[in-house]
Amino acid sequence: MGVWLRVRIVVQTMKSSESNRSTCYDPLVEAYQKSKQLPFRLLEQHTYLSLIGDVAGKAILDLGCGSGFYTRQFKQRGAEQVVGVDVALKMIESARAAETREPLGIDYRVEDVAALGQLGNFDLVVASYLLNCLPTQAQLSQVCQTIAANLKPGGRFVTLNDNVQQPPETYALCARYGCAKSTAQPLQEGTPILLSFVVDGQPFSFNNYHFSRTTYELALQSAGFKTMQWHQPMLSPESIQQYGRDFWSAFLEHSPIVVIEGSR
Ligand SMILES: C[S@@+](CC[C@H](N)C(=O)[O-])C[C@H]1O[C@@H](n2cnc3c(N)ncnc32)[C@H](O)[C@@H]1O
């Protein structure tokens, strides 16, 4: 078989397996990107990037990378190798389009993280808002196994997540920061939580799933994580300058988000 024929078969096989994947996130690409302008994102980005710290020279795996909002920033901040993985084809198409416009050398893949296995030995695995997307405890455990399998010994995992300890009676307070949460039932393992955003006057929403802090910690521990820390959002100079310190008081008291950090 000629070289070009073999190359075409490989490319066609890759495209057909990628195009079979469609998720609830596929129609949300543009709206989700625009949601990065909402007020709470200022604290999200500052807290997440501060806790991730210096990425210069590091190998980073970004799981559930979406359209590459953070993935690109890691490369722009000097990471040596960055791989982004997402199950939603449209998210990865958007990330690849950004890579075509501004090549940074990021490798994007369409894969279900629960079935990913080991891609390499990374210094840092990140997964912003991935764990809270997973509807079952089995998937949470599998994803934690994937995270651990891809970390060097001593490597770190850092993720943004829904604050699973936020009392539902405080959910309504999040709306003024751009992120409304609601649930139709008392929180139990796997209870859906509806996240609603309004961007440019257009509402959109999707479900996350609740698991207790203990369930998260057991899943990470079983995967081999030795230390785990839960961090509350922090104010940045920019967030104070734009909105004033008082604006953030309810957000800081009843935070809808946390950063989870673990190391092997
Ligand atoms: C809320 S978005 C966050 C996107 C990005 N990390 C960010 O913070 O901008 C969650 C992403 O996780 C992806 N996702 C959900 N379950 C996944 C799975 N099992 N494997 C890979 N990606 C998944 C979704 O397709 C979606 O792009």
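All residue numbers refer to positions in the sequence shown, counting from 1. What you see is a predicted model; the values in this text were computed from it and never measured. One-based numbering, in listed order, for ligands and for the atoms of each.
Figure legend: Arg41 and Tyr32 shown as a cation-pi pair, the cationic atom lying under 6.0 angstrom from the six-membered ring centre and within 45 degrees of its axis.
In this structure, Gln241 places its CD atom where only 12 or fewer heavy-atom neighbours from other residues, nucleotides or ligands lie under 6.0 Å away. The environment of CD in Gln118 is crowded: more than 12 heavy-atom neighbours from other residues, nucleotides or ligands sit within 6.0 Å. More than 12 heavy atoms of other shown residues, nucleotides or ligands fall within 6.0 angstrom of atom CD in Glu189. Other residues, nucleotides and ligands place more than 12 heavy atoms under 6.0 Å from the CZ atom of Arg213.
Near ligand 1, heavy-atom contacts under 4.0 Å come from Tyr25, Tyr32, Lys36, Gly64, Cys65, Gly66, Tyr70, Asp86, Val87, Ala88, Met91, Glu111, Asp112, Val113, Ser128, Tyr129, Leu130, Cys133.
Residues Phe204 and Pro27 have side chains not in contact (no heavy-atom distance under 4.5 Å, counting atoms from C-beta outward).
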